[in-house]
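Accompanying notes for the structure given below.
Only a predicted model underlies this, so the values are computations on that prediction, with no experimental measurement involved.
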Amino acid sequence: MGKIKIAFLFLFSFLSGYSVLAQQVEVGINAGGASYLGDLNQYNPVKISGIAAGAFAKLNFDPHFGLGLHYNYGKVKATDSHSGNAQFRDRNLSFYTPLNEVSLLFDFNLFDLYSYGPKRRFTPYIFAGIGAVIFQPKTEYKDEEYLLRLYNTEGQSESYKSYTITIPYGVGARYKLKNNWTVFSQIGYRSPLTDYIDDVSSVYPKVNAWTGTSSANQSISKALSDRSGEQTGVYLGNPGTQRGDFRKRDNYMFVGIGISYTFVSQKCFTF
């Protein structure tokens, strides 16, 4: 009988703790656009080139601080032939890639938006954290799609990885519709630890860079590495000359709006 009482007390304590935790949990979804800043778009960080969408689950420690697990998906692309820069048009490179990102983000609300019945309905916020992103830069050549990292377009001794650590940070604003529902808008930049989101980084490779691969792969690698002469027949990618912009990292951005539901009761966040 004593063991049964202990079991019931343990279960009651667990459920009580879970109830308090659930009152601080926030879940949400968002959608918008994605942009990229790198070797094929060096100067316009807010140039939207594809869609973005995401979802998250967050634990709010108090009305100001929260920690969330986020998933974001986006698409980015760039095409030299559409550039306003004559040197870019002559280079004639292009890429597109999906971005699959999972991140752990801390955020801070300037004002108390989550306590029961607060007078404020609006707050700006900031966020930062760490994550991982999977990317797969591709291009089209002669009506065929090619996964660029498999062709070592800058003469790398081995293919770069299709995933990397990324550092997200940004700002946003929240507006409280009701006690539980909130709409928000945010802009978040990402600094991944790679310069190959776009498959472009440094210089054109040596002529014999792909020695040891099949003649067919050598031909494709060379064609994808230097596309400057596809229209004119004059190829500009001399070995050792600049192909990328020499910055160490590419960057990307997600911007959008969303809606979230927070499990908040009248007793929650009363200290």
Side-chain angles (χ1 to χ4, degrees), residues 6-34 45-46 52-74 99-133 164-193 251-271:
I6 292 173
F8 271 110
L9 285 172
F10 177 80
L11 180 61
F12 177 78
S13 298
F14 173 80
L15 292 176
S16 297
Y18 177 80
S19 177
V20 171
L21 180 64
Q23 291 168 356
Q24 303 174 46
V25 170
E26 181 179 358
V27 295
I29 55 174
N30 56 272
V46 294
F56 67 89
K58 186 175 67 163
L59 178 61
N60 295 307
F61 300 114
D62 61 32
H64 298 282
F65 288 97
L67 175 64
L69 180 64
H70 295 249
Y71 167 74
N72 284 290
Y73 170 82
L99 300 168
N100 286 277
E101 178 194 275
V102 176
S103 60
L104 198 62
L105 301 181
F106 280 98
D107 65 40
F108 173 77
N109 296 311
L110 184 61
F111 306 129
D112 178 357
L113 205 68
Y114 291 113
S115 294
Y116 185 80
K119 294 182 180 180
R120 292 192 182 275
R121 303 181 70 87
F122 168 84
T123 183
Y125 65 95
I126 59 175
F127 65 87
I130 190 168
V133 62
T164 188
I165 299 297
T166 188
I167 310 298
Y169 55 93
V171 298
R174 294 186 171 101
Y175 181 80
K176 189 174 185 179
L177 297 174
K178 294 183 179 180
N179 282 330
N180 301 89
W181 291 98
T182 303
V183 294
F184 62 90
S185 178
Q186 67 181 24
I187 179 170
Y189 286 92
R190 271 71 174 170
S191 184
L193 305 186
N251 291 274
Y252 61 96
M253 179 195 75
F254 294 137
V255 60
I257 59 174
I259 188 168
S260 67
Y261 182 89
T262 307
F263 297 87
V264 179
S265 74
Q266 188 170 359
K267 296 180 180 180
C268 195
F269 299 140
T270 55
F271 305 107

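Here the CZ-CG distance, from Phe56 to Leu69, works out to 11.0 Å after rounding to the nearest 0.5 Å. The distance from the OG atom of Ser103 to the CD1 atom of Ile167 is 10.5 Å, given to the nearest 0.5 Å. The CD1 atom of Ile259 sits 7.5 Å away from atom CD1 of Ile29, with the distance rounded to the nearest 0.5 Å. Expressed to the nearest 0.5 Å, how far CZ of Phe61 lies from CG of Leu67 amounts to 5.0 Å. The OG1 atom of Thr262 lies 11.0 Å from the CD atom of Gln24; values are rounded to the nearest 0.5 Å. Of the inter-residue distances, the one linking Tyr169 atom OH with Ile187 atom CD1 reads 10.0 Å to the nearest 0.5 angstrom.
The minimum heavy-atom distance between Asn100 and Tyr73, with the atom names listed, is OD1-CD1, 3.4 Å. Across all their heavy atoms, Ser260 and Glu26 have their closest contact at OG-OE2, 2.7 Å.
Here the side chain of Thr123 pairs a donor or acceptor atom with the backbone of Leu110 at under 3.5 angstrom. With Asp107 contributing its side chain and Ile126 its backbone, the two residues share no donor-acceptor pair below 3.5 Å. Without hydrogens or angle criteria, Thr164 side chain to Leu193 main chain gives a donor-acceptor distance under 3.5 Å. With Arg121 contributing its side chain and Lys176 its backbone, the two residues share a donor-acceptor pair below 3.5 Å. In this structure, Asn109 contributes its side chain and Phe111 its backbone to no donor-acceptor pair below 3.5 Å.
In Phe106, the CZ atom is not crowded: 12 or fewer heavy atoms of neighbouring residues, nucleotides or ligands sit closer than 6.0 Å.
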>> Between Val46 and Val255, does the side chain to side chain contact (heavy atoms under 4.5 Å, CB included) criterion hold? Intermediate values first, please.
In response: CA-CA 9 Å; Val46 294; Val255 60; over 6 Å; no
>> Does Val171 form a side chain to side chain contact (heavy atoms under 4.5 Å, CB included) with Tyr189? I'd like the steps, not just the answer.
In response: CA-CA 9 Å; Val171 298; Tyr189 286 92; over 6 Å; no
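Annotation: cation-pi pair Arg190/Phe254 absent, no NZ/CZ under 6.0 Å from the ring centroid and within 45° of its normal.
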